[in-house]
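Residue numbers count from 1 along this sequence. Both ligands and their constituent atoms are indexed starting at 1 by order of listing.
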Amino acid sequence: MNRPRVPVAVLGATGAVGQTFVRLLRRHPFFELREVAASQRSAGRPYREAVHWLEGELPDAIGDLEVRPCTPEAVRSRVVFSALDASVAGEVEASFARAGATVLSNARAYRMDDDVPLVIPEVNASHLALVRRQRRVRSWEGAIVTNANCATTVLALSLAPLHEAAGVRTAFVATLQAASGAGYPGVPSLDLLGNVVPYIAGEEEKIEVEASKILGRLEDFAVAPAAIRMSVHANRVPVEHGHTVCVTVELNRAVEPEEASELWRRWRGHPLCHGLPSAPDPPLALCDDPDRPQPRRDVWAGHGMRVLVGRVRPDPVAHLRFAALGHNTVRGAAGGSVLNAEVMGRMGLLPDVKEGAW
Ligand code: NAP
């Protein structure tokens, strides 16, 4: 059946995440990419000239679009994907929500606000109901819905089945984060080639609080964060795409590697995601080989939307150890946002989309 597609825009369309949006949206069955917007440096130019296109072919029809400035007067779509630089996202995204647009944001500005959903839909689609509180409290016709920091996404997805079954009490986490996670041009090559940088500004704090909000429970239109004690080391490594997290967990009861593996194997995530175009089936997969997952070999699993778990073993201090890998600009950013929008459409939370139509 041919249904009319919802017109959408991408803000920050020239950056690393913005380009990923363009690739994911160009043939989307529910959304039609009508507008691209970026800074004043790019506005007014054809997209193909303004963008430093990073991967594969730039679709002709998108290359011809004129880049708009990031204002609600210049961008008319009522569904807006934001890949804006964090320094400007706060103000710009609010101006769109005030003007009636539903903004699906990748920036950190609103993630921890009480009335803003921070969503990985397989884990906490129910938190999207916060949009109704947000509209009431802020008197916005539109809304802001966020997805998590890219490393948080990999961590929270891998913890979800364990948390649902046995309650995670403590998590020690070391991340190995790809270069593309810093955007384009990102970290200078001479700082990163043949090197590991044991510092990513603000990252450890973000992962600690965001994972607890995502794994928390929605009670009376507020999220009670999961009571997980978390200790994170964030590292930048010379990998192109794919964030790895090495995790040691203590649970509320002992869980053997065999039981944990079965939990990961069986987990299908929230039913609202099932069958949607961007939802990987299954959302998690278990690697049997002892030396996997690896970014070079595994990062495109499920078109970059599946998180892989491996190296599951007992831990002599806590209960379990494992490694997990996910694509940072797809699962951890643009693809996550697009899936949020698909679920919102299914729930009747997008303009002009009837509940259940998708
Ligand atoms: P990026 O490559 O640096 O791209 C930034 C984008 O923001 C560009 O399109 C840029 O446009 C635009 N921009 C900058 N200043 C602006 C202004 N004053 N007004 C309007 N637009 C402006 O960054 P990125 O890696 O794609 O990240 C985008 C957002 O996603 C950030 O908030 C980041 O924290 C978040 N995020 C990134 C990842 C990842 O893996 N990279 C994962 C999760 C979340 P011009 O080209 O015109 O300058």
Side-chain angles (χ1 to χ4, degrees), residues 9-24 35-55 65-72 74-75 80-96 103-111 118-120 144 146-156 175-188 200-203 205-207 210 214 234 236-237 239-244 295 299 304-305 325-340:
V10 175
L11 311 181
T14 49
V17 174
Q19 294 184 36
T20 310
F21 271 123
V22 168
R23 279 204 310 277
L24 297 176
E35 298 168 300
V36 288
S39 78
Q40 289 300 342
R41 292 180 287 277
S42 309
R45 301 166 68 192
Y47 183 67
R48 77 175 74 260
E49 284 176 20
V51 72
H52 181 84
W53 189 254
L54 293 168
E55 272 179 64
L65 291 175
E66 181 183 309
V67 178
R68 317 254 169 122
C70 287
T71 64
V75 175
V80 170
F81 293 99
S82 168
L84 282 173
D85 191 76
S87 60
V88 292
E91 218 170 290
V92 174
E93 290 174 358
S95 70
F96 275 88
V103 181
L104 293 119
S105 166
N106 278 276
R108 63 167 182 269
Y110 294 98
R111 285 180 190 148
L118 173 61
V119 182
I120 302 171
I144 296 177
T146 60
N147 46 327
N149 162 281
C150 33
T152 307
T153 302
V154 181
L155 176 67
T175 72
L176 307 155
Q177 300 187 215
S180 62
Y184 185 82
V187 187
I200 303 175
E203 196 80 355
E205 298 78 1
K206 273 188 269 178
I207 297 171
E210 290 178 16
I214 292 163
R236 185 75 67 196
V237 296
V239 158
E240 186 184 8
H241 299 305
H243 290 353
T244 301
V299 76
M305 286 295 284
L325 165 75
H327 197 305
N328 48 292
T329 60
V330 181
R331 175 81 249 192
S337 267
V338 174
L339 182 55
N340 283 349

Got a list of side-chain donor-acceptor pairs under 3.5 Å for residues 86-93, not counting sequence neighbours?
unit_1 : atom_1 : unit_2 : atom_2 : d
S87    : OG     : D85    : OD2    : 2.4
E93    : OE1    : S105   : OG     : 3.0
E93    : OE2    : S82    : OG     : 2.6
E93    : OE2    : S105   : OG     : 2.9

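Contacts of E240 classified as side chain to side chain donor-acceptor pair (under 3.5 Å), with partners at least two apart in sequence or in another chain: none. In this structure R236 satisfies the salt bridge (charged side-chain N to carboxylate O under 4.0 Å, His left out) test with no other residue, sequence neighbours excluded.
Contact shell of ligand 1 (protein heavy atoms, cutoff 4.0 Å): G12, A13, T14, G15, A16, V17, A38, S39, R41, S42, C70, A83, L84, D85, A86, V88, N106, A107, C150, S180, G181, G183, Y184, N328, T329, G332, A333.
Rounding to the nearest 0.5 Å places CD of E203 at 4.5 Å from CD of Q177.
Checked options V299, N147, V154, T153; the residue passing with R331 is T153 (criterion: side chain to side chain contact (heavy atoms under 4.5 Å, CB included)).
In this structure, the side chains of Q19 and W53 come closer than 4.5 Å at one or more pairs of heavy atoms.
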